[in-house]
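Please read the structure below before turning to the comments.
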Amino acid sequence: MVSRIIPVESFDLIIFGATGDLAKRKIFPGLFRRFLAGQMPNDSKIIGAARSNLSQNTFSVLVENSIKSFAEIKFEKNDLRDFLNCLNYLQIDAAGAGGWNELKKALRPEKIRAFYFSVSPLLFGSLAERLHENEIITANSRIVVEKPFGRNLETSKQLNTILAEHFTEDQIYRIDHYLGKETVQNLMAIRFGNMLFEPLWNAQYVDHIQITVSETVGVGDRGEYYDRSGAMRDMVQNHLMQLLCLIAMEPPARFEPDSVRDEKLKVIRALDPVAPHHIVRGQYGPGSDHSDYRTGVNKSNSMTESFVALKVSISNYRWAGVPFYIRTGKRLEARKSEIAVVFKEKPHSIFGPEAGNHQNALIIRLQPDEGITMDVTIKEPGPGGMRLIDVPLDMTFSETLGIEENAVPDAYERLIMDVIRGNQTLFMRGDEVEAAWAWTDPIINGWIHRGDVPKPYDSGSAGPQDSLTLLEREGRKWREIL
Ligand code: BG6
């Protein structure tokens, strides 16, 4: 299947932090893929800005290398040359005066201006201030900011206030890259594009919901950042929270930015506080090819969690009494993100108790192997009575839709194009981020208060035993990660 490409208007994109890791791994390769797809017009201008004193040529080579390493796409030499022609480099001092005049001169008055703050949040304020002082912000300007958006409610409020001094909310694009994933958007299509599911999507029919985001990687070379964050801040407050919102929200009246974000916000505000016995934290041990968490972050007494599992409840009409079990962790047995909606048992079995218990489940696989599976109960073939078995009705999107490998845009390329189009549906609004922190803070503060020690778990396992117990004591079971 060939997807339809609608080119965006030509633009000026300024990337602050252009020599950083995110720019190298995601932003430049993503832009190049959109350029190749014909979505980014070739009279667009990309200005890389950073503190280092680099020549244009050195910067071009840097971007070329990042494309060769991370774009994962075949291309002709000419394509790369044409893309690199859209690029400029400017040495800019985020906190000082250097480079701003040159930036002002390089920008075209009539074009869309997007400023990508791919830098530490500590610099957001001075960048916004410098852009303002130098009169670079036009009505057609927008800024893109990355997570972490604060580390608690207070700091996220401070960031929102700083940005609001110079930008209106509809100019601020807060990225949560999970929202840019194809299958995460599919959650909305599955729920609101089919008659089949929505009538069953409530406490009357759903027994519980499981959300798993499991990774095989460890903290890698981000030990310092990660140890200050932990799984709760790094994954739950943002990515898993967004998945929870998309699964639990009411149908928005329209697929429009504020309609969708209003509904997500209502879910976050309806979340109950989480009781300590509904939280499991873990920290991974050594594996055959890597050291344990504490060695990895170079802190022998670290109390930071690399795994967390929670039982979450939503106090609203639709979901009262339905547990949402969510878990995420590093160094687990497989890379797998999925959501399982497990339906209730039938009120009565006409086949008698010997037919056993059977629950339908809808499993939405986010990555890898994107697709959906519906567990359906059927008769076991053969004579000898009515024995029932559960079988999967399975659809893998790439097979069904004939999608070639690498043809689906990566989350970042889609999100950057949305910034240019001015579509905020897949970006977090300020009040949404604050509400997510307001729910997360007491959980984190609670375990700091209690001096909670994360449970060790074996690398390559499904996480600490207590995580399994969290469901087992309620007569439920996590789906296998492997
Ligand atoms: C990032 C986290 O936001 O998401 C990382 O900081 C995590 O720790 C990553 O590994 C997971 O993203 P993905 O797209 O690989 O599922």
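For clarity, every value in this text was computed on a predicted model and none was experimentally measured.
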Problem set entry | Electrostatic pair Asp410:Arg33 at N-O distance under 4.0 angstrom | no

Exercise. Salt bridge or not for Lys311 and Glu474, using N-O below 4.0 Å?
Worked result: yes

Problem set entry | Lys/Arg-Asp/Glu bridge criterion (N-O < 4.0 Å) met for Glu198, Arg191 | yes

Problem set entry | Charged N-O contact under 4.0 Å between Arg174 and Glu169 | yes

Exercise. Are any of the side-chain nitrogens in Lys147 or Asp234 under 4.0 Å away from the carboxylate oxygens of its partner?
Worked result: yes

Exercise. Does the pair Arg429/Glu432 count as a salt bridge with the N-to-O cut at 4.0 Å?
Worked result: no

For this session: Indicate yes or no: does Arg365 engage Glu370 in a salt bridge with an N to O separation below 4.0 Å.
Result: no

For this session: Determine, for Glu133 against Arg130, whether the closest basic-nitrogen to carboxylate-oxygen distance falls under 4.0 angstrom.
Result: yes

Exercise. Side chain of Glu345, backbone of Gln359: donor and acceptor closer than 3.5 Å?
Worked result: no

Exercise. Donor-acceptor pair, Gln424 side chain versus Tyr173 backbone, under 3.5 Å?
Worked result: no

Exercise. What are the two closest heavy atoms between Gly296 and Ser291, and how far apart are they?
Worked result: N-OG, 3.9 Å

For this session: Please report the closest heavy-atom contact between Asp292 and Pro286, naming both atoms and the distance.
Result: CB-N, 3.5 Å

Exercise. Which heavy atom of Val322 sits nearest a heavy atom of His208, and at what distance?
Worked result: CG1-CA, 3.8 Å

Seminar exercise, completed: The salt bridge (Lys or Arg N to Asp or Glu O under 4.0 Å) partner of Asp207 among Lys346, Lys344, Arg476 is Arg476

For this session: Let me know which of Arg294, Lys299, Arg233 forms a salt bridge (Lys or Arg N to Asp or Glu O under 4.0 Å) with Asp227.
Result: Lys299

Exercise. Using 4.0 Å as the upper bound for N to carboxylate O, is an ion pair formed by Arg281 and Asp452?
Worked result: yes

Exercise. Phe59 and Phe28: ring pair (Phe, Tyr, Trp, His ring centres under 6.0 Å), yes or no, with the steps?
Worked result: CA-CA 12 Å; Phe59 182 62; Phe28 291 121; 5.8 Å; yes

Exercise. Is the shortest side-chain N to carboxylate O distance from Glu250 to Lys266 below 4.0 Å?
Worked result: no

